[in-house]
Amino acid sequence: MITAFLKKLYEHLLLLLIVALIALAAYVSLGRQFMPAISSYTSFLEEQIAQRTGLPATIGSVSGDFFGFNPIVSLTDLQLAIDEISEAPALEFAEARIAVDVGRSIWQRRWVLDEFVIRNLLIDLTQNADGAWQLSGAAAHGSDDPFDLNTLYQTFLSFNQLELQGVTINIHPRDGDSFSFDQGSANVWNRGQNHYLHVNAILEGNPEPLTVSIEAQGNSLEQASGTLHVLLPKSNYSRVLSDQHLGALAILGLEGTGQAWIGFEAGKVSTATFEFDVPMLTIGVQSDEQSRQQEIEKLGLTNVKGLAKLNHNRAGGSWELALANMSVTYRSDSWRSFNARVFYQPNQLMEIAADHLDFGLLTRLTRDSGVLPDDAAADLTGFNPDGSLQNVSLSLPLSEAEGRPLSLKTNVADLQLASVRNSPNLWGMDGFVQFEFDRSEKRLTGIAEVDSSGFSINIPSTFTEVWDYSRVNGRLHIDVLMENGQA
């Protein structure tokens, strides 16, 4: 009896296998016969693409094929427009190849793309008169940002795997010359809650690619958390940053290399680390909007190197910037190997700590930038301070409601000051300074200590000779009450 049951089960399984093989063969045969006929469904595919992307689409030609058990659709001369009223397309694809994973699509009861490869994609980005960036072929919307980042994020999540090859991006700034990134490629992988994006692109004229990588978790931009890594190869980025303004700061030229690691939580930046080596940086500072059209002083910095790390405390809303192994050269002044920390609590407090500040370089850079009023600039030029501040600690309250005094602590090394309005000429001053200023009481208190070897002084209004001292030591207590602008 058991033998008969097993024989009958074997016959049914064999029959089921034969039927499955016949059905599979019929599926493949019909698929191979039907796929070439898909070329007559151009209008249908245009409607489907427009429905899926929300963008008007036109297709030059369509061809179909079968590979294994998966149908493959190839599109040529695919164009997508952001606005139907625009004359030029926003996106142009020379070729797109789509392979459907039939087995997984049946199992998951939705379309699953085994392969989506886009070749020779051309993108034009144009900066409008308001400074916003938009795709060429997109109608202008005033100052509104035409990009919806959340929609773009959701678009990438709709693919299990997406591959872009031969991407060219043409950038057209509002001011300055156009430039391009070519030989670009991009890969997108989505596995459940985990999402990966890797991009390579070459700035024209540069042999090495710029690399961008993102690892993120979350199915919406507001919930996304992960890490962004950007690698900039050594190159001249002056064209990329030409005439771009960050407030009053204009970057006029930049040559160098660097990389950044940016962490984000719930769609917001939480940490950022930057490593850079910039042999040449040219900046300009403008005092007001009216001066934007005027020629400004160019400040050339060289050998800008170091490591910077930015942290954001979401609970307290504070920011902390740490600088390590920093160095910079301005003209003949070299500020080498210093470390610093900046803490910022919006509308409350700013704290700055540094192990070494080159007083002379900062003075000359401030003077040449043109940001000071004429009287202050003239005094700074007259005093011409030089030397260094060491172990600096500055606490600057941003709100009087905090009740904290403004405070400064620093060691002074080899301080030099020239004479202004018959003040003494000083050379070789070493010491320590500690000040506190209570804004509510308008009171300045503190101490100034001098402990110098090789100190010199000249009082031009009284003596013509310079007095040289092999050793000077002393302490000055300061307690000044300011009333009505007078001490």
Side-chain angles (χ1 to χ4, degrees), residues 248 283-285 287 296-301 328-336 338 340 352-396 406-437 442 444-469 471-480 482 485-487:
I283 60 175
V285 181
S287 57
I296 59 178
E297 180 74 20
K298 294 182 180 180
L299 305 177
L301 303 177
V328 61
T329 300
Y330 178 61
R331 296 185 176 176
S332 60
D333 296 312
S334 294
W335 184 6
R336 297 188 180 278
F338 68 92
I352 301 174
D355 60 356
H356 169 63
L357 298 181
D358 191 309
F359 203 17
L361 184 148
L362 291 174
T363 297
R364 283 177 272 284
L365 189 61
T366 303
R367 179 193 63 196
D368 296 343
S369 67
V371 297
L372 295 177
D374 292 341
D375 293 344
D379 285 344
L380 188 63
T381 301
F383 282 114
N384 192 27
D386 206 346
S388 66
L389 304 180
Q390 300 174 356
N391 303 319
V392 181
S393 177
L394 172 65
S395 178
L396 179 63
L406 184 154
S407 64
L408 171 66
K409 297 178 183 179
T410 181
N411 293 103
V412 178
D414 195 25
L415 179 65
Q416 301 179 30
L417 291 174
S419 174
V420 174
R421 292 186 289 276
N422 293 321
S423 65
N425 290 297
L426 304 175
W427 299 271
M429 178 183 291
D430 300 329
F432 171 77
V433 174
Q434 178 176 341
F435 290 132
E436 283 192 358
F437 178 68
K442 296 183 179 179
L444 177 68
T445 59
I447 60 172
E449 295 181 347
V450 178
D451 188 2
S452 302
S453 300
F455 174 74
S456 300
I457 185 173
N458 167 254
I459 306 176
S461 61
T462 309
F463 303 99
T464 59
E465 295 182 357
V466 176
W467 296 347
D468 298 319
Y469 299 90
R471 177 68 186 276
V472 173
N473 180 267
R475 170 180 288 192
L476 174 65
H477 289 271
I478 300 171
D479 191 344
V480 179
M482 301 179 180
Q486 297 181 353

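These numbers come from a predicted model, not from an experiment. When a residue number appears, it is its place in the shown sequence, counting from 1.
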With a 4.5 Å limit on heavy-atom distance, are the side chains of [X] and [Y] in contact?
| X | Y | answer |
| --- | --- | --- |
| Leu362 | Leu357 | yes |
| Leu408 | Ser393 | no |
| Glu449 | Leu476 | no |
| Asp414 | Met429 | no |
| Leu361 | Thr363 | no |
| Leu380 | Pro385 | yes |
| Leu365 | Arg331 | no |
| Leu372 | Thr366 | yes |

From CA spacing to verdict: side chain to side chain contact (heavy atoms under 4.5 Å, CB included), Gln416, Asn384: CA-CA 8 Å; Gln416 301 179 30; Asn384 192 27; over 6 Å; no

Any sub-3.5 Å donor-acceptor pair from [X]'s side-chain atoms to [Y]'s backbone N or O?
| X | Y | result |
| --- | --- | --- |
| Asn391 | Asn411 | no |
| Trp335 | His356 | yes |
| Asn458 | Glu465 | yes |
| Ser395 | Leu406 | no |

Rounded distance [0.5 Å steps], [atom1] in [X] versus [atom2] in [Y]:
| X | Y | atom1 | atom2 | value |
| --- | --- | --- | --- | --- |
| Ile457 | Tyr469 | CD1 | OH | 7.0 Å |
| Asp379 | Ser423 | CG | OG | 9.5 Å |
| Asn473 | Arg471 | CG | CZ | 5.0 Å |
| Ser369 | Leu299 | OG | CG | 6.5 Å |
| Leu417 | Asn425 | CG | CG | 9.0 Å |
| Leu426 | Ser456 | CG | OG | 9.5 Å |

Which heavy atom in [X] sits nearest to a heavy atom in [Y], and how many Å separate them?
| X | Y | result |
| --- | --- | --- |
| Ile478 | Phe435 | CD1-CE2, 3.1 Å |
| Ser334 | Asp358 | O-OD2, 3.5 Å |
| Asp479 | Thr445 | OD1-CG2, 3.7 Å |
| Val433 | Val412 | CG2-CG2, 4.1 Å |
| Trp427 | Phe455 | O-CD1, 3.2 Å |
| Ala413 | Gln390 | CB-NE2, 3.7 Å |

For Arg336, all residues meeting salt bridge (charged side-chain N to carboxylate O under 4.0 Å, His left out), sequence neighbours excluded: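 Counting only residues at least two positions away or on another chain, Arg336 forms no salt bridge (charged side-chain N to carboxylate O under 4.0 Å, His left out).
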
Residues Asp451, Arg475; criterion salt bridge (charged side-chain N to carboxylate O under 4.0 Å, His left out); working and verdict: CA-CA 9 Å; Asp451 188 2; Arg475 170 180 288 192; over 6 Å; no

Asp375, CG atom: more than 12 neighbouring heavy atoms under 6.0 Å: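 No, CG of Asp375 has 12 or fewer neighbouring heavy atoms, counting only those of other groups under 6.0 Å.
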
Candidate pair Asp368 and Lys298, rule side chain to side chain contact (heavy atoms under 4.5 Å, CB included), full reasoning: CA-CA 9 Å; Asp368 296 343; Lys298 294 182 180 180; over 6 Å; no

